[in-house]
Visitor: 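Provided herewith is a single structure, encoded as structure tokens, for subsequent inquiry.
When reading the values below, keep in mind they use all heavy atoms of this one structure, side chains included, and skip hydrogens, waters and symmetry mates.
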Amino acid sequence: MIKPYTVTQISNYLKSILDFDKNLHNVLVQGELVNYKRHFPSNHAYFSIKDEKSQLGCMMYSSNVDKLKFTPEDGMKVICKGEFSYYPPVGRLQFYVYEIIPDGLGEQERALEILTEKLSREGLFDKKYKKDIPLYPRKLGVATSSSGAVIKDIKNVCARRFPLCEIVLAPTLVQGEGAPEQLVKAVERLDSIPDVDVIIIGRGGGSKEDLSAFNTEAVARAVFNCKTPIISAVGHGINRTLCDETADISASTPSEAAELAVPDKLDLLAYISSAQNIIEKSIRSKIDFEYQRLDQITYKSVFSDPHMFIEQKRDALDVMYDDLNNCYKAFVDSRKNDFIKVVSMLDAYSPLATLARGYSLAQHKGRIVKSAKDVSIGDSITITLSDGSIDCCVEEVKNEQ
């Protein structure tokens, strides 16, 4: 009897055949995307590609998915590059995809449209997020190729318009494999420099394929998230990219971007000259006005005939003195009359005035005798009159009811 194989043995055998067959490595397979989804938390992508008669299960690692320049969608026609292998845990033939390429220009444009709509829905193109470009930048950051004409054009424009501005270059690829990643790092590097006031990202135009790095989601988000005001100068105004849409300002050429980034020294000199003329005119006008005031003052009598001025002031002082003296006398007389009235009132209510009219005041031991009951026979009392007092002894007390 033939000894049976285990499932693992057969699975490993099939896997070894597929892994060592060079014809199944770096294979290009054309088809339509089906059931594309990313698995959480690994972020690997799982999907299928199919044609009219067959369907092939695919898997793509997250590191390769992150390099895609578009967002895959079900129904898209694509070309997948990868290798075949057997996955023993589930007993399945699987196509491990390295790269997904839209099949044809139409699919590339559709992928770009899908990404554009996605970013637009998220608000990356909204004007409310656009930052103002500073008027007088001290340092200008540039993310572009170090060997192209872009950096030369920007330097020439800045040297002509505003030589005080320093240029900081973050060299990067602007097309081809690895360009999106380098562009993102260049923008982030310039954004991290504290005294960089404005950034220009761009290249010297080109075809749609040449500009594809600036149409990637990673570059668009890096430009949108940049805290420093950023100017995009990519497509010579013919082909607008996602980088142009997410930047704070877009320019048709790198030279125009430099003109937007820095002021023109000739305009500044003209402004300074105009301001200087306005200030000088204002100063001259002020001086003329003060001279006129001085002339008016010198013609006054105090300067033309100071003696007469002094006499006039002396006469006025005499009048004021007389008025003050009269007011003082009237005030004193008024207060004197008021005092006499008060004294008269006090005198009218005084006990002495009562005594002068024939009345007397009896006191016993220093207290006023108000009733016959206040004294007894034999008490000594003092009677006060208007002109003196009498000491008496009580011999009889009469109580009247």
Side-chain angles (χ1 to χ4, degrees), residues 33-47 60-78 99-102 105-133 141 143 170 172 174-175 178-192 196 198-203 208-209 211-235 237-252 257 260:
L33 275 178
V34 180
N35 297 327
Y36 180 89
K37 62 182 66 177
R38 298 189 71 171
H39 183 269
F40 181 82
S42 66
N43 276 331
H44 302 326
Y46 294 90
F47 56 95
M60 191 175 193
Y61 289 110
S62 61
S63 58
N64 291 322
V65 176
D66 293 337
K67 295 178 182 179
L68 292 176
K69 299 177 181 178
F70 68 101
T71 302
E73 298 280 348
D74 288 351
M76 293 179 63
K77 293 181 179 180
V78 295
E99 184 179 0
I100 302 177
I101 305 169
L105 182 60
E107 289 298 323
Q108 291 180 354
E109 291 180 347
R110 182 165 177 257
L112 180 58
E113 288 178 2
I114 293 172
L115 178 58
T116 301
E117 291 176 2
K118 173 186 175 182
L119 299 181
S120 178
R121 287 195 302 270
E122 293 182 23
L124 270 68
F125 307 150
D126 289 355
K127 291 183 179 181
K128 64 181 180 180
Y129 297 118
K130 306 298 183 184
K131 297 178 287 295
D132 294 330
I133 305 301
T172 174
V174 292
Q175 70 182 69
E181 292 81 3
Q182 288 196 23
L183 284 166
V184 169
K185 290 180 180 178
V187 170
E188 292 175 347
R189 186 162 60 251
L190 292 171
D191 194 30
S192 67
V196 168
V198 62
I199 297 172
I200 294 176
I201 179 174
R203 55 163 293 136
K208 289 186 177 181
E209 292 182 0
L211 307 181
S212 61
F214 295 88
N215 273 321
T216 59
E217 183 173 357
V219 172
R221 291 192 182 277
V223 170
F224 177 78
N225 293 327
C226 184
K227 296 181 179 62
T228 308
I230 187 166
I231 302 173
S232 174
V234 179
I238 300 174
N239 299 313
R240 286 187 64 82
T241 64
L242 294 178
C243 180
D244 294 320
E245 299 295 342
T246 55
D248 297 304
I249 295 181
S250 63
S252 59
L260 293 172

Visitor: Treating D244 as the side-chain partner and T241 as the backbone partner, does any N or O pair qualify as donor plus acceptor under 3.5 Å?
Guide: yes

Visitor: Could K118 and E73 be called an ion pair, given the rule that one side-chain N must be under 4.0 Å from one carboxylate O?
Guide: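 The answer is no: the pair does not qualify as a salt bridge.
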
Visitor: Can you confirm whether K67 sits close enough to E181 that some side-chain heavy atom of one is under 4.5 Å from a side-chain heavy atom of the other?
Guide: yes

Visitor: Report, as yes or no, whether the 6.0 Å neighbourhood of atom NZ on K130 holds more than 12 heavy atoms from other residues, nucleotides or ligands.
Guide: yes

Visitor: Counting distance only, does the side-chain N/O of D74 pair as donor-acceptor with the main-chain N or O of N35 below 3.5 Å?
Guide: yes

Visitor: Using 0.5 Å steps for rounding, measure from the CD1 atom of I231 to the CD1 atom of I133.
Guide: 4.0 Å

Visitor: Are the side chains of M60 and L68 in contact, using a 4.5 Å heavy-atom criterion?
Guide: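 The answer is yes; the side chains approach within 4.5 Å.
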
Visitor: Keeping the roles fixed (side chain from N225, backbone from R221), state whether a donor-acceptor pair exists under 3.5 Å.
Guide: yes

Visitor: Does atom NZ (K131) have a neighbourhood of more than 12 heavy atoms from anything else shown, all under 6.0 Å?
Guide: yes

Visitor: Which label fits F47 and Y36: parallel for a plane angle under 30°, tilted from 30 to 60°, or perpendicular past 60°?
Guide: tilted

Visitor: Any heavy-atom pair between the side chains of I230 and I201 that's under 4.5 Å?
Guide: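 A side-chain contact under 4.5 Å exists here.
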
Visitor: Do side-chain atoms of N64 reach the backbone of E99 as a donor and acceptor pair under 3.5 angstrom?
Guide: no

Visitor: Is any side-chain heavy atom of L119 less than 4.5 Å from a side-chain heavy atom of L242?
Guide: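 Yes, side chains in contact.
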
